Amino acid sequence: MKPLFQPQLINGPFDDPVLYLDFLFERRALLFDCGNLRALSTRKILRVSEVFVSHMHMDHFNDFDWILRLMLGRGKRLRMFGPRGFIDSLGHKLGAYTWNLVHNYEEDLVIEAIELHDGDCGERARFWCREGFRLRERRPCEFPGGVLVEEPAVRVRAAVLDHGTPVLAFVVEETQHVNVWKNHLEAMGLPVGPWLQDLKAMVLSGQPDAVPVRVWWKEGSELRERYVPLGELKHEVLRIVPGQRLGYVVDVAGHEDNARRLTALLRGIDLLFIETPFLDEDREHAADRHHLTARRAGEIAHAAGVKRLEPFHFSPRYNEREAELRAEAERAFSAGKEYARRPSAVSS
Ligand SMILES: [Zn+2]
Ligand SMILES: [Zn+2]
């Protein structure tokens with residue numbers, strides 16, 4: 001059974017970092033950063049329900065305007081997350097345009113902006129298109145454990161890090177993964193079909209075993225149905241396993257405090273998208289710019305017990321040396337212990 005999340009880096013590793021996370025069988029996607037989005041189709045952008053902005057440097061926030069333009073007048077609700085200062089930044093972007101005709105839209109666009117601060121607290125506010133995106137309902141809120149999104153099937157956690165400015169790193173988790181044994185289904189005389197999605201949703205939302213599940217299918221033009229208790233299906237045809245976990249880390253300084261926070265956030269995840277903008281030989285340059293080196297990224301991923309690494313967000317200065325960046329990150333990742341004995345890249 002395929003994993004729920006279908007992650008895709010939208011641009012090449014030297015272009016703006018953007019991660020698009022499509023949900024299998026759902027018209028929904030999550031977007032991590034919104035620098036250059038022109039490689040994403042309109043259809044795909046319109047599927048986005050949440051945008052996670054690591055920080056407000058241009059290469060991570062530039063094409064919010066493009067999302068806005070595409071979503072106007074379509075009755076959308078968009079949730080956006082960012083670090084301290086995000087609500088004001090978004091307000092300034094929205095405030096840069098003239099909205100005197102928006103009352104003509106039949107469908108409103110509502111943007112909820114949410115900031116995460118240090119110490120698991122933050123703020124939220126709403127912008128309503130038909131009010132000219134006037135800021136409303138700004139209030140403080142709490143995010144225990146850094147959890148920004150908590151749904152039956154999906155959880156998104158974040159950590160506040162330092163990049164000379166606050167920056168957020170994220171982990172997306174499929175809370176549980178539900179596999180279907182097709183041969184067991186056959187043995188019970190039940191067909192595959194869309195009802196399996198409802199069954200999975202019932203499992204993920206923790207419904208009691210006695211609840212009847214509607215199994216339906218078509219025979220010619222006739223609709224057939226049967227009801228089977230949820231508990232029986234769980235026992236006979238489903239296998240529930242831990243879900244997939246993905247991390248997204250960009251634009252962070254390589255010092256110890258960041259490394260400690262990252263290690264806690266990323267503990268044991270399956271796949272990590274992490275910036276490797278500079279080589280270790282340029283570690284002072286990386287430190288001046290509050291970025292990781294490839295080696296430091298590999299060391300942190302190793303320390304966190306990450307299963308797989310996907311380096312990206314390379315500095316253009318290495319245009320001809322992409323393989324070196326990848327190799328350095330991979331070496332530190334796979335041989336972390338041995339490598340860490342040498343003086344650390346930018347930990348001072
Ligand atoms: Zn950047
Ligand atoms: Zn930056």
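Counting starts at 1 for both ligands and their atoms, following the listed order. Being a predicted model, the structure only gives us computed values, none of them experimental.
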> So do the side chains of V215 and E225 get within less than 4.5 Å of each other, counting heavy atoms only?
Replying inline: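 Not in contact.
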
Does any N, O or S atom of [X], backbone or side chain, fall under 2.8 Å from the Zn ion (ligand 2)?
X: H60; value: no
X: H57; value: yes
X: D251; value: yes
X: H163; value: yes

> Which N, O or S atom name in D59 marks its closest approach to the Zn ion (ligand 1)?
Replying inline: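 This residue's closest N, O or S atom turns out to be OD2.
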
> Using 30° and 60° as the class limits, which term best fits the ring planes of H55 and H60: parallel, tilted or perpendicular?
Replying inline: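 Correct class here is tilted.
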
>> Do R38 and W66 form a cation-pi contact, if we require the NZ or CZ to be under 6.0 Å from the six-membered ring centre and within 45 degrees of the ring's axis?
In response: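 Verdict for W66: a cation-pi partner in R38.
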
> Charged N to carboxylate O below 4.0 Å: is that the case for D88 and K93?
Replying inline: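 No.
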
>> Between R331 and E299, does any side-chain N to carboxylate O distance fall below 4.0 Å?
In response: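 Looking at E299 together with R331, the answer is no, because their closest N to O distance does not fall below 4.0 Å.
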
